[in-house]
Amino acid sequence: MDSRDDMKYGDENSSPTNEITVARHDRAVWETRETYGPAGFRGLFSNYYVSLCAAFATLGGLLFGYDQGVVSVILVMPQFLDRFPRVAEGASGAGFWKGLLTAMIELGALIGALNAGYFADLLSRKFSLFIAVCVFALGSALQTGSVDYAMLTVARFIGGLGIGMLSTVAPLYISEISPPETRGALLVLEEFAIVTGIVIAFWITYGTQYISSEWSWRLPFLLQLVPGIVLAAGVFMLPFSPRWLVSKNRDEEALSTLSKLRRVSKDDLRVQQEWIDIRAEVAFQSEANQEKHPKLYSNGTPSRLRLEIAQWLDCFKTGCRRRTHVGVVLMFFQQFVGINALIYYSPTLFQTMGLDHSMQLIMSGVLNVAQLVGVSTSIWTMDALGRRPLLLGGSIIMTISHIIIAILVGKFSNNWPAHRSEGWTSVAFLFVYMLGFGASWGPVPWAMPSEIFPSSLRAKGVALSTCSNWLNNFIIGLITPPLVENTGYGAYVFFAVFCLLSLVWTYFFVPETNGRTLEQMDHVFKDVSSSADEERRQRAEERIAGGLDLHIAS
């Protein structure tokens, strides 16, 4: 039986422990501490306030998914192709221009994500969400009013800047407000919102394609402003991240925010314990930074620019290098297992399997729904099974699916009408792939980077990981059209190889973070660099705990 089945947790008025438990191990929190409620999906209802805050923050993910999904049908609308003939089938270089238009949003998002770390540390996580939405709204307005290819391409780049910031800050914010026992389920909401946005966008554009005027494609671009306006208006009601507050020496405000998020009093020892963990981690990281960069601190307050550059470089040094590797490569494989190739170009892929135009669009929409179903399962499995099992299982399912599709397309694509059953078998395994991806490599790479980095480098580490997503998304957007056009089944072989590589890499390099506090990640990654660091952390814990009884769990 899972140890979580027998774990004890208090209600709003109970706190039976009388000591602070400091975790110096990599075991799940429910093994040594009293939690705020049940783990995983059930815990979302006992921590309803933090669940509402997380769900609201994921409106940014909805915008991101909507903008991704809106393109797949628009690219084949006659009304759109009349305005932008450069991307029409048969035009000179159409594959390249279509790929560039699709990929410009990823290029903008790459730059937006890179800047998000700076703004998230400087202005707070929640105000960074507001800035991101404003930039996204500008891009959406310009896309709606585009009159030529150049204007549309620039508009998508600007919209991408906002999406890149949103895709970095939203999971960062969610991870920092969540209790460890439900953090996985709450972070899944980001991917759930992304896929929901893709599904909504697809079916809206499927309906608007029957509008005879240019509003067939302008209206879908315009509608994405609606959730953006809601997020911009409501972001001021979100609480600050307690970890960001502590980093700004606003300790008492952080305690009040934790109490509000957990729906218990400030005197509750679970809140006191979490508060001490956060403050000790921030104090430890601050002292470690001063020791690593003594010249920057020699005159008291360091230069912000010089410290900013030094901390970006710290992400690639001992103590954080392994975490950066995991975050960046997770996002690399999320793209190179082939998901966005299927989302962007699914109508074209279904055409290679012998489906007519109407059925191509319908099956593309159903394919996105299949991914949503897969993601829905991970709201439960992320905390019930853990991150590693999901990644490993997903890699196996996707590899098998790609290989089977490649064989069928390679053997029968020259005459699909005579091999209808084989064509539908290919379609079936596309659905298997989407279910497998949605349950594993969809949510986990968005969840883990926001969990694994130390407090002083978390915003920058998440930004680097997200940049990896967008850079590789950009590459996939560019290479998929010629890959599909020129190789046929070779596209599936290409992605199958990367699915297999993701399995091997995950087995050797990805640790389990399920149920661990953000402050335990030094022990999860086993990258505490020296006994001096351990002693420094212990001194910080004892100093901050004050007169409270301190119990060491190791």
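This one's a predicted model, so the numbers in the text were calculated from it and none came from an experiment.
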Peer 1: Trp505 vs Phe333 aromatic rings, parallel, tilted or perpendicular, using cut-offs 30° and 60°?
Peer 2: tilted
Peer 1: Please indicate whether Lys317 has more than 12 foreign heavy atoms, meaning atoms of other residues, nucleotides or ligands, lying under 6.0 Å from its NZ.
Peer 2: yes
Peer 1: I need the minimum non-hydrogen distance between Ala113 and Ala463, along with the two atoms involved.
Peer 2: O-CB, 3.2 Å
Peer 1: How many angstroms lie between OG in Ser175 and CG in Leu187, if you round to the nearest 0.5 Å?
Peer 2: 6.0 Å
Peer 1: Any heavy-atom pair between the side chains of Arg270 and Val264 that's under 4.5 Å?
Peer 2: yes
Peer 1: Do NZ/NE/NH1/NH2 and the carboxylate oxygens of Arg156 and Asp67 come within less than 4.0 Å?
Peer 2: yes
Peer 1: Shortest non-hydrogen contact from Ile174 to Ala57?
Peer 2: CG1-CB, 4.3 Å
Peer 1: For Trp470 and Phe64, run ring-ring contact (aromatic ring centres under 6.0 Å, His included): C-alpha distance rounded to whole Å, both residues' side-chain angles, the deciding distance at 0.1 Å, then the answer.
Peer 2: CA-CA 12 Å; Trp470 291 114; Phe64 160 27; 4.8 Å; yes
Peer 1: Assess Lys126 against Phe240: is NZ or CZ under 6.0 Å from the centre of the six-membered ring, and within 45 degrees of the ring's axis?
Peer 2: yes
Peer 1: Check whether more than 12 heavy atoms from other residues, nucleotides or ligands sit under 6.0 Å from atom OH of Tyr49, and answer yes or no.
Peer 2: yes
Peer 1: Identify the residue among Val462, Val188, Asn469 that makes a side-chain contact (heavy atoms from CB on, under 4.5 Å) with Trp446.
Peer 2: Asn469
Peer 1: Taking the six-membered ring for Trp, are the ring centroids of Phe119 and Phe127 within less than 6.0 Å of each other?
Peer 2: no
Peer 1: Please work out which of the three classes, parallel, tilted or perpendicular, describes the rings of Phe498 and Phe332, given edges at 30° and 60°.
Peer 2: perpendicular
Peer 1: Please, which pairs that meet salt bridge (Lys or Arg N to Asp or Glu O under 4.0 Å) have at least one residue in residues 437-457, sequence neighbours excluded?
Peer 2: Arg183-Glu451, Arg387-Glu451
Peer 1: Just by distance, no angles: are the side chains of Thr466 and Ser167 close enough, under 3.5 Å, to form a donor-acceptor pair?
Peer 2: no
